[in-house]
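Here is the structure we will look at, set down as structure tokens.
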Amino acid sequence: MKAHDGMYIDGAWRPAVGTDTIEVVNPVDEQVLGRVPAGTAEDVDTAVRAARAAFPAWAATPPAERAARLGALRDVLTARKDEIAETVTAELGSPLSFSQAVHATVPILVAGSYAELAATYAFEEKVGNSTVYQEPIGVVGAITPWNYPLHQIVAKVAPALAAGCTVVLKPAEDTPLTAQLFAEAVAEAGVPAGVFNLVTGLGPVAGQALAEHPDVDLVSFTGSTAVGRRIGATAGAAVKRVALELGGKSANVILPSADLAKAVNVGVANVMSNSGQTCSAWTRMLVHAAQYEQAVELAATAAAKYGDRIGPVVNAKQQARVRGYIDKGVAEGARIVAGGPEFPREQGYFVQPTVFADVTPEMTIAQEEIFGPVLSVIPYEDEEDAVRIANGTVYGLAGAVWASDEAEAVAFARRLDTGQVDINGGRFNPSAPFGGYKQSGVGRELGAHGLSEYLQTKSLQF
Ligand code: NAP
Ligand code: MG
């Protein structure tokens, strides 16, 4: 696998100040794919200076020209789709078909949506005797995780660039090769030097330095709630804008009128895809008591079919973490109906697709984000009970509702304390706002809502 031994700063690949490196490991066979520099606070500072220097000219670039660069970026991502899918598969471990269909494809849609938005967004409007301008907020520090390595980068960088901001990105240590490919794509798309900069490195070193840098105007973070909380506190102390996309524990609510088999099968597929490493995964399946045993059986059968078809989780730490949660589920009295804690292979960070029955809403596996292929099936008594259970976690990122009648599902969805709800299996929309209620985060990504995160408002009175 190709790996750059430098950082992409101010339009060129430059050596890091220090000599430390990060090993990139293939989660399927545990082989080292390559090494990238482990950046330090000095590298972050160099990158932030480059972003600051590039800001005035990029902010003053007409939106149509920024749109043209984003259109070119979309085209480069399209041309290099296969290479992107192979790179994500190598460092994340997801099956190549999934990398092609999702990891490499969604970023093209998102980049394309921002090419269009940059060209059409109302950056200026009249309000009575005022003219209100939407101006770029400045230098953005973007910190991203490994689970959708390119999507999470594009969901921050594309709107930031569309808004006229400049960016320093610190990607996850597990998936830096995808980030390096993205930097190449930005260069190929003709984005001016310094507008986008990449510093690879460790979270507590490079990530923290970026979040704390006084010349960063907005920190946009996706990852764990624990780190997000600290980044929010740091940003608060500096009176700095912050956007946080954090964890989830979403409910898939199957109302009695729904097509049970379809709802269960789609629900299981949702949790197992990407080996359960999806913040918006519907990891709690809520089923009416009268249909509970039937649903459990359907879910167990569906999960067993996945067997070896799902990829590993990203690293040994996540593998151990997921097993810890499965052990905890058993210890707290839940019943395994598919999978289990034993690792299915000697090599690679594989976890069995696992389904728990007899889960009560207060169990650890029903409250905490597991981030692995583990589903909890929970019975409810009536609609009120279902609402209470669905809303009964600290999270509120996503969810699903199934009913024979769309209006019934919508009425229920409106009662959920969550940022996104899929109705009867609804399709992904790359322009719909994505983000969390409660401790799932602050702010929204994607579409026009995602663009507005990178803008600040000025009004002139006449
Ligand atoms: P994480 O530590 O929060 O990682 C997210 C990003 O933040 C990475 O780039 C990480 O760098 C960086 N980071 C870590 N510590 C930091 C700090 N002190 N200051 C600034 N940046 C920092 O998440 P993780 O350890 O990869 O995963 C742990 C759990 O988080 C998962 O099991 C899952 O529950 C949750 N998670 C949620 C999402 C989501 O999309 N909501 C995504 C990933 C993980 P490193 O890569 O060097 O750690
Ligand atoms: Mg980490």
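Small disclaimer: the values here were computed from a predicted structure and weren't measured. When a residue number appears, it is its place in the shown sequence, counting from 1. Indexing begins at 1, ligand by ligand and atom by atom, following the structure's order.
Among the atoms of Thr144, some N or O lies under 3.5 angstrom from an N or O of ligand 1. Every N/O-N/O distance between Asp174 and ligand 1 stays at or above 3.5 Å. The shortest N or O to N or O distance between Thr222 and ligand 1 is not under 3.5 Å. Geometrically, ligand 1 and Ile370 share no nitrogen or oxygen pair separated by less than 3.5 Å.
Residue contacts with ligand 1, taken as heavy atom pairs separated by less than 4.0 Å, do not involve Thr278 at all. With a heavy-atom cut-off of 4.0 Å, Thr225 does not touch ligand 1 at all. Counting heavy atoms closer than 4.0 Å to ligand 1, residue Ala172 contributes atoms from both its backbone and its side chain. Within the 4.0 Å heavy-atom criterion, the part of Pro171 lying near ligand 1 is the backbone and not the side chain.
Checked against the 6.0 Å centroid criterion, the rings of Phe196 and Phe182 qualify as a close aromatic pair.
The shortest heavy-atom distance from Gln277 to ligand 1 is not under 4.0 Å.
Atom numbering of ligand 1 starts at 1 in the shown order; those under 4.0 Å from a heavy atom of Asn147 are 40 (O), 42 (C), 43 (C). Residue-ligand proximity, Trp146 to ligand 1, at heavy-atom distances under 4.0 Å covers atoms 24 (P), 26 (O).
In terms of the side-chain hydrogen bond (donor to acceptor under 3.5 Å, both in side chains) criterion, Gln456 has no residue partners (sequence neighbours excluded).
If you take CD on Gln152 and CD1 on Ile143, they are separated by 13.0 Å, rounding to the nearest 0.5 Å.
Side chain of Arg69 to main chain of Ala189: a donor-acceptor pair is present (N/O by atom type, distance under 3.5 Å, no hydrogens or angles).
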